[in-house]
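As the structure lists them, so they are numbered: ligands from 1, and atoms in each ligand from 1. Remember, predicted model here, so these are calculated numbers, not experimental data. Positions are given from 1 along the sequence.
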Amino acid sequence: MKQVDYIVVGIGLAGISFCEQLKANKKTFVVFDDASQQSSTVAGGLYNPVVLKRFTPVWKCKEQLDLALAFYAKLEKTLNVKLDYRIPIYRKFASLEEQNDWFTASDKPLLSDYLSSKLIKNENTAVDAPFGFGEVFETGRIDVKTLIDAYKDHLLKTDQFFETIFDYENLIIEDNSVKYKNFKATHIIFAEGFGVSQNPYFKTLPLVPAKGELLIIHAPDLKIDYVLKASAFLIPLGEDLYIVGATYEWKDLSNNTSTQAKEELLTKLEKLINCKFTVVHQVAGIRPTVKDRRPLVGQHPTYKNMYILNGLGTRGVMIGPYVAKQLYDFIENGKPLDNEIDIARF
Ligand SMILES: Cc1cc2nc3c(=O)[nH]c(=O)nc-3n(C[C@H](O)[C@H](O)[C@H](O)COP(=O)(O)OP(=O)(O)OC[C@H]3O[C@@H](n4cnc5c(N)ncnc54)[C@H](O)[C@@H]3O)c2cc1C
């Protein structure tokens, strides 16, 4: 039997964020993932410190952003891949009233760093935006799929990654350790996204999973070099390809794409752009969202060496590194978890 410090289940944004804490602190670990969930692999990958519906700051935006930017920069070096594409977000205004709300918000203390106080006029005939745009600073896109593929390869090289289902029935819990197949570990971290609904130890937590779908379109005449946010997001990928997203659906929790979601996105897109395009791809995943919109982090109430890192919701790119650090500091350094994210609140 091989002894390690940690077993990690799941290698989405949550799992990778925690593994990076382990590596930085020279802990030994192995990871199991069966690719059954694909929230992280399909994600648009945007990071953005502002809630663009209401013009309010994202919870702990500065702390999250500082950690996240350093985190992805370090991973770019370790994995030797490009991950962070800095790109502004332009919020389309629907009316003069919205313009006014934006400028009022851009004067507020936390928001003034992120919301430009200049009105941007639309000069692109392929885009329909008579009231112009407001620009958000400190935004960008992480290529999450490339990150996950590269991270798995990286762990495979050191025999730390097993591409297989984690079978809960084979977990043996002892006083100060757990055993799983031929591994003995001091701690186990569950980071399964919506897969936690199958986990007998944590499945009663109030996850309210939200399926999301995205289209990839080819639009050679669109020529925008910013992320356009209106009722949908339009994210340039280069080579005239764009992501269009995303939908929200709470009943169908399969990873299958649907005609309904495609039509919903096309209707929104047709109100936003006036040029020709073709749909080249459609993807779907389940976001692990939570009733109170805060992550699910902490220790199992009975089994003290068992933990959860979940509930990253709609903003896994920014929040993942932040909550992973909190969980690591809680386990190894005895620092209390933020009450707002601790599963003890349920
Ligand atoms: C359409 C869409 C667009 C999005 N856009 C953005 C965006 O622009 N910006 C942003 O920040 N966030 C975005 N998100 C949200 C973001 O993707 C999530 O917050 C994040 O992916 C959650 O990561 P996770 O690691 O918790 O879960 P997941 O990515 O679901 O990872 C969990 C992993 O655990 C594995 N697993 C589960 N159960 C088991 C088991 N029993 N055995 C082995 N492995 C198991 C799964 O295979 C999976 O790899 C989007 C989500 C969707 C669906």
Side-chain angles (χ1 to χ4, degrees), residues 7-19 30-49 52 58 61 64-65 68 72 85 87 89 139-145 147-149 151-152 161-171 180 188-203 207 209-216 227 229 232-235 243-249 253 255 257 261 265 282-290 293 295-297 308-324:
I7 292 172
V8 178
V9 183
I11 201 73
L13 285 166
I16 292 179
S17 300
F18 196 79
C19 290
V30 287
V31 179
F32 294 86
D33 192 299
D34 62 354
S36 54
Q37 291 302 320
Q38 47 193 51
S39 180
S40 300
T41 41
V42 305
L46 289 181
Y47 56 87
N48 159 31
L52 289 175
V58 164
C61 57
Q64 283 188 31
L65 204 55
Y72 296 109
Y85 294 83
I87 182 168
I89 296 180
T139 58
R141 176 177 71 87
I142 298 298
D143 183 345
V144 184
K145 168 116 181 38
L147 165 61
I148 290 176
D149 290 346
Y151 208 82
K152 285 181 180 174
F161 179 59
F162 300 90
E163 190 144 31
T164 170
I165 187 167
F166 182 89
D167 180 1
Y168 305 100
E169 285 187 6
N170 287 331
L171 181 68
Y180 183 71
I188 183 162
I189 308 291
F190 289 111
E192 310 118 309
F194 173 52
V196 74
S197 55
Q198 305 298 313
N199 180 330
Y201 303 101
F202 289 111
K203 70 177 174 191
L207 208 66
K211 179 171 179 170
E213 297 194 43
L214 301 168
L215 301 177
I216 314 292
V227 172
K229 165 68 178 146
F233 268 109
L234 205 57
I235 310 171
I243 296 176
V244 185
T247 57
Y248 284 81
E249 153 67 41
L253 297 177
N255 282 327
T257 57
L265 291 171
Q282 184 176 358
V283 289
I286 314 297
R287 306 173 185 89
T289 36
V290 184
R293 293 166 194 247
L296 296 171
V297 183
I308 184 167
L309 188 62
N310 208 313
L312 306 194
T314 59
R315 295 179 183 269
V317 167
M318 257 175 74
I319 209 169
Y322 178 76
V323 289

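Of all heavy-atom pairs between L46 and V317, the closest is O-CB, 3.9 Å. The nearest pair of heavy atoms linking G15 to A191 is N-CB, 3.8 Å.
Taking each of E192, Q37, E163, K152 in turn, the one with a heavy atom nearest to atom 38 (N) of ligand 1 proves to be E192. Considering each of A43, G245, G320, the one bringing a non-hydrogen atom nearest atom 50 (C) of ligand 1 is A43.
Neither side chain, E192 nor N310, offers a donor N or O lying under 3.5 Å from an acceptor on the other.
In terms of N/O distances under 3.5 Å, ligand 1 is approached by A14. Below 3.5 Å of separation, one finds no N or O of G195 facing any N or O of ligand 1. Annotation: F166 places an N or O atom under 3.5 Å from an N or O atom of ligand 1; distance criterion only. Geometrically, ligand 1 and G45 share a nitrogen or oxygen pair separated by less than 3.5 Å. For the pair G285 and ligand 1, the shortest N or O to N or O distance does not fall below 3.5 Å.
At a heavy-atom distance under 4.0 Å, only backbone atoms of T314 (N, CA, C or O) approach ligand 1. Contacts between P288 and ligand 1 below 4.0 angstrom, taking non-hydrogen atoms only, involve the side chain exclusively. By the criterion of a heavy-atom distance under 4.0 Å, both the backbone and the side chain of L46 are placed next to ligand 1.
In the vicinity of G313, heavy-atom distances shorter than 4.0 Å reach the ligand 1 atoms 15 (C), 16 (C), 18 (C), 19 (O). Contact atoms of ligand 1 toward G10: 33 (C), 34 (O), 35 (C) (distance under 4.0 Å to a heavy atom of the residue). Residue T164 has at least one heavy-atom neighbour below 4.0 Å for each of these atoms of ligand 1: 43 (C). Counting the atoms of ligand 1 from 1 in the order shown, those under 4.0 Å from a heavy atom of G193 are 26 (O), 27 (O), 30 (O), 32 (C). For ligand 1, the atoms sitting less than 4.0 Å from at least one non-hydrogen atom of A35 are 47 (O), numbered in the order shown with element in parentheses. Below 4.0 Å from some heavy atom of A191 lie the following atoms of ligand 1, by number and element: 32 (C), 33 (C), 34 (O). Using a 4.0 Å cut-off to heavy atoms of V317, the atoms of ligand 1 that qualify are 10 (C), 11 (O). Near G212, meaning under 4.0 Å from any of its heavy atoms, are these atoms of ligand 1: 1 (C).
Closest to atom 16 (C) of ligand 1 among all protein heavy atoms lies S39 OG, 3.7 Å.
Looking at residues two or more places apart in sequence or on another chain, you find no salt bridge (Lys or Arg N to Asp or Glu O under 4.0 Å) involving K203. Partners of K229 under the salt bridge (Lys or Arg N to Asp or Glu O under 4.0 Å) rule, at least two apart in sequence or in another chain, do not exist in this structure.
Below 30°, between 30° and 60°, or above 60°: for Y201 and F190 the angle between ring planes is below 30°, a parallel geometry.
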Y180 vs F166, test: ring-ring contact (aromatic ring centres under 6.0 Å, His included). Steps then yes/no. CA-CA 9 Å; Y180 183 71; F166 182 89; 4.0 Å; yes
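Residue R287 places a heavy atom under 4.0 Å from ligand 1. Residue contact check for ligand 1: Y168 places a non-hydrogen atom closer than 4.0 Å to it.
Remark: the backbone N or O of A284 is paired with a side-chain donor or acceptor of Q38 at under 3.5 angstrom.
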